[in-house]
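First up is the structure itself, then whatever we jot down about it.
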Amino acid sequence: MKIYKTQEIKNIALLGSKGSGKTTLAEAMLFECGVIKRRGSVEAKNTVSDYFPVEKEYGSSVFSTIFYAEFLGKKLNVIDCPGADDFVGNAITALNVTDTGVILIDAQYGVEVGTQNIFRTTAQLGKPVIFALNQLDGDKADYDNVIEQMREIFGPKVVQIQYPLACGAGFNAMIDVLLMKKYSWGPDGGVPVIEEIPAEEMDRAMELHKALVEAAAENDETLMEKFFVEEHLTEDEMREGIRKGLVDRSIFPVFCVSALKDMGVRRMMEFLGNVVPFVEDMPAPVDTAGNEVKPLADGPLSIYMFKTTVEPHIGEVSYFKVMSGTLKAGADLDNVTRGSKERLAQIYCVCGQIKTPVDSLEAGDIGAAVKLKDVRTGNTLDEKGCDIEFDFIKYPAPKYQRAVRPVTESDAEKLNVILTRMHEEDPTWVVEQSKELKQTILSGQGEFHLRTLKWRVENNDKLPIVFDEPKIPYRETITRAARADYRHKKQSGGAGQFGEVHLIVEPYTEGMPAPDTYRFGNQEFKMSVRDTQEIPLAWGGKLVVCNCIVGGAIDARFIPAIVKGLMDRMEQGPLTGSYARDVRVCIYDGKMHPVDSNEISFRLAGRNAFSEAFRNANPKVLEPVYDVEVFVPADVMGDVMSDLQGRRAIIMGMSSENGFEKISAKVPLKEMSSYSTALSSITGGRSSFTMKFASYELVPSDVQDRLLKDYAEKNTED
């Protein structure tokens, strides 16, 4: 195939809510440019996009699919993204390596939560947006209502390029106010009949044309001056004005299509080929050193690996974008992320499962390589002497967790290998081997997200697995000062063991003054601090140890052993076995034996003295609390609020945001276990939420009592 220059390449992300018709639109686009001779369908399971077994099983997209279309002398690289919010990682990846987002909206249901979420992401990344109203031939389609809704949510920057003459089963014609022509189709769609606008539509068409001309002129002073004088612009001038408006997000054009019947698709592709920005029109990406890297074909060669899949009959496929320079087949590159070397013996342009070998790809282009030796998603590969590295894709925090284990315990290692591979394919599947919880924790964007992983492991890898409720990473701390002493003495012939430790524990807060005097009952204890150790804990908080020994009651060489004993109990708290945090310990007295004292004796003495003091210091259990934001339609807000309050949530505030209500709350992690499923059930899938760790807070007394009882019963059983 032809090798396209950087200035001939356009990269586009195909986005939208689940069911909006992206896969069907992709088929129509490929058909229009001659890549495929016959359009497939989701129902027939023969589309270019949804070719993985799990996608055929579900009847919807799970992974993004990359394809190219050669059209009007340009190369359009398109990434078709899943619509379900659970697979948002694919859309985020696609938007980071493309330059324009085409957002499909189902004309029957209007702007959905998923639509808003993805639009919010385009705003964060500063990407141009084109809207396509699809399924105008649907029974419930209401074009005018959806346009009004879009303007309420996305603002006056929404500008109509086209409008239909009728919606529903009668949709077969539209007016294009950019070209000022009428487009109509026969029952099977395809090639349109293009004719003049009927007289009865001319007033509406002129009104919308004038609004479009004004929106295009606003982005160029020269065009604006001409518009004021002549009140019109040429087609080329309008295209230039719209392109500039797209780049700075001051205009969001709206197109009309029926992807199923292939109506309006070719006209939209003409716009993509003629008007949307080229790679070089967009702001240059920035590398990890903060330097702009412009897409110059004669620049230093650097490619970014943005996606990895394991595909049927092929194996591992690595997808990349040429960020700078020109990549040629057989190139030897340095993997600057992993410090290894890699040869790309063959490079491909991709169209779903079809891989077409090419000799070279210029800056801005997207391609693939197969079975690379040591490449992971997110790696940067450079030519020798180039030190560019990229790390610009940021994924949302997980919202749903499950503990995962194989049905057969001996398959644990095999499962870990599979999960590592899965994370490469979708970085929003996060795997953690939790030493604290003694579980493998699998995190994702929702219940459906993890259920998809389970399906793939069990059906593709033939490994049965089980999902369990994840344990909660509680913390333990104390709320007042307490003292204790413990003597460890053991004599069983030969050298014995002896160590005695006296200590005081108290809650630790950052910046608190050094210990001075403590009073317990009628006794007063004065502290003389010889040295202080501050030990930051990997799980949060600190252990502060003050050596207040005077008179050589305990030799300084035994203090590290006592600290080890304290850490033993900090790692397994006395109440529930959870990590402890934010404790200050003053070791102020003790005894030792000239022969029998050793490190193990003082480690055990320190551990047991700490346990006793901790229990006497009004200990409390802390639980992780998350900041949660829920976006819901107004009509179900009351139900969502009630559900949150039933989850021990503290409502922090409510506000309206682009047509949806936003509820901000603090919710214990324990109560968020199956929240994504519950929220979807309450709102009919019309809501979304985000959650982010906020802090550790005291659990209510009844919850603490239950946790202590459960821990005691478990230890009795063990």
Side-chain angles (χ1 to χ4, degrees), residues 84-86 88 111-117 120 153 396-403 437 441 443-451 467-477 479 540 575-576 578 620-711:
D85 193 44
D86 285 40
V88 67
V111 179
E112 301 174 79
V113 173
T115 315
Q116 288 208 53
N117 290 342
R120 197 177 295 115
I153 295 172
K399 298 185 285 191
Y400 188 85
Q401 290 186 331
R402 281 294 176 265
L437 305 179
I441 303 298
S443 304
Q445 294 300 306
E447 187 267 341
F448 181 46
H449 195 208
L450 296 198
R451 181 155 46 87
F467 280 166
D468 297 317
E469 191 81 11
K471 299 173 185 174
I472 301 298
Y474 292 107
R475 298 286 182 265
E476 298 179 17
T477 194
T479 58
L575 295 182
T576 63
S578 305
K620 296 290 184 182
V621 177
L622 306 172
E623 64 180 342
V625 174
Y626 279 66
D627 285 327
V628 177
E629 288 187 345
V630 190
F631 295 88
V632 300
D635 62 307
V636 293
M637 187 172 177
D639 294 335
V640 173
M641 289 272 288
S642 297
D643 180 72
L644 281 171
Q645 289 165 346
R647 297 174 185 272
R648 296 194 283 128
I650 299 175
I651 306 299
M652 306 302 292
M654 293 171 285
S655 60
S656 295
E657 186 172 306
N658 295 332
F660 280 76
E661 302 300 319
K662 182 174 80 170
I663 304 170
S664 301
K666 290 188 179 294
V667 191
L669 178 62
K670 173 69 175 175
E671 307 297 337
M672 294 296 293
S673 173
S674 299
Y675 185 62
S676 63
T677 308
L679 182 65
S680 179
S681 176
I682 293 169
T683 66
R686 294 182 296 150
S687 299
S688 69
F689 75 100
T690 61
M691 56 186 288
K692 182 180 179 182
F693 174 75
S695 61
Y696 270 90
E697 305 293 342
L698 295 175
V699 302
S701 56
D702 60 322
V703 176
Q704 176 161 322
D705 291 343
R706 187 168 64 250
L707 290 171
L708 267 60
K709 181 181 177 183
D710 291 346
Y711 184 67

Non-hydrogen atoms of [X] and [Y] that approach each other most closely:
{"X": "Asp86", "Y": "Glu447", "answer": "OD2-N, 3.7 Å"}
{"X": "Arg120", "Y": "Phe631", "answer": "NH2-CE2, 3.8 Å"}
{"X": "Val699", "Y": "Leu622", "answer": "CG1-C, 4.1 Å"}
{"X": "Tyr474", "Y": "Ser578", "answer": "O-CB, 3.2 Å"}
{"X": "Arg402", "Y": "Ser673", "answer": "NH1-OG, 3.2 Å"}
{"X": "Pro473", "Y": "Leu669", "answer": "CD-CD2, 4.1 Å"}

Once salt bridge (charged side-chain N to carboxylate O under 4.0 Å, His left out) is applied, do any residues pair with Asp627, and if so which ones, sequence neighbours excluded?
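Testing Asp627 for salt bridge (charged side-chain N to carboxylate O under 4.0 Å, His left out), a comparison that skips the adjacent residues, returns Lys666.
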Rounded to the nearest 0.5 Å, what separation is found between the [atom1] atom of [X] and the [atom2] atom of [Y]?
{"X": "Tyr400", "Y": "His449", "atom1": "OH", "atom2": "NE2", "answer": "12.5 Å"}
{"X": "Leu644", "Y": "Asp639", "atom1": "CG", "atom2": "CG", "answer": "11.0 Å"}
{"X": "Glu469", "Y": "Ser674", "atom1": "CD", "atom2": "OG", "answer": "5.5 Å"}
{"X": "Lys471", "Y": "Thr576", "atom1": "NZ", "atom2": "OG1", "answer": "11.5 Å"}

Set out, in order, the CA-CA distance, both residues' side-chain angles and the distance that settles salt bridge (Lys or Arg N to Asp or Glu O under 4.0 Å) for Arg648 and Glu697, then state yes or no.
CA-CA 12 Å; Arg648 296 194 283 128; Glu697 305 293 342; over 6 Å; no
Kindly indicate, with the supporting measurements, whether the criterion side chain to side chain donor-acceptor pair (under 3.5 Å) is fulfilled by Ser688 and Asn117.
CA-CA 8 Å; Ser688 69; Asn117 290 342; 3.1 Å; yes
Donor-acceptor contact below 3.5 Å, side chain [X] vs main chain [Y]:
{"X": "Ser681", "Y": "Thr677", "result": "no"}
{"X": "Lys399", "Y": "Phe689", "result": "yes"}
{"X": "Glu476", "Y": "Leu575", "result": "yes"}

Show your reasoning for whether side-chain contact (heavy atoms from CB on, under 4.5 Å) applies to Gln704 and Leu708.
CA-CA 6 Å; Gln704 176 161 322; Leu708 267 60; 3.8 Å; yes
SB check Arg647 Asp643 (cutoff 4.0 Å)
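The answer is yes: the pair qualifies as a salt bridge.
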Would the number of heavy atoms belonging to other residues, nucleotides or ligands and lying under 6.0 Å from CD1 of Ile651 be above 12?
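Counting other residues, nucleotides and ligands, CD1 of Ile651 exceeds 12 neighbours.
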Apply the test side-chain contact (heavy atoms from CB on, under 4.5 Å) to residues Glu661 and Met654: give CA-CA distance (whole Å), side-chain angles for both, the deciding distance (0.1 Å), then the verdict.
CA-CA 7 Å; Glu661 302 300 319; Met654 293 171 285; 5.8 Å; no
So, do Glu623 and Pro700 sit near enough that their side-chain heavy atoms are less than 4.5 Å apart?
yes
Check: Val667 and Val625 side chains under 4.5 Å, non-hydrogen atoms
no
Please determine whether side-chain contact (heavy atoms from CB on, under 4.5 Å) holds for the pair Val640 and Met637, giving the CA-CA distance in whole Å, both sets of side-chain angles, and the decisive distance to 0.1 Å.
CA-CA 5 Å; Val640 173; Met637 187 172 177; 5.8 Å; no
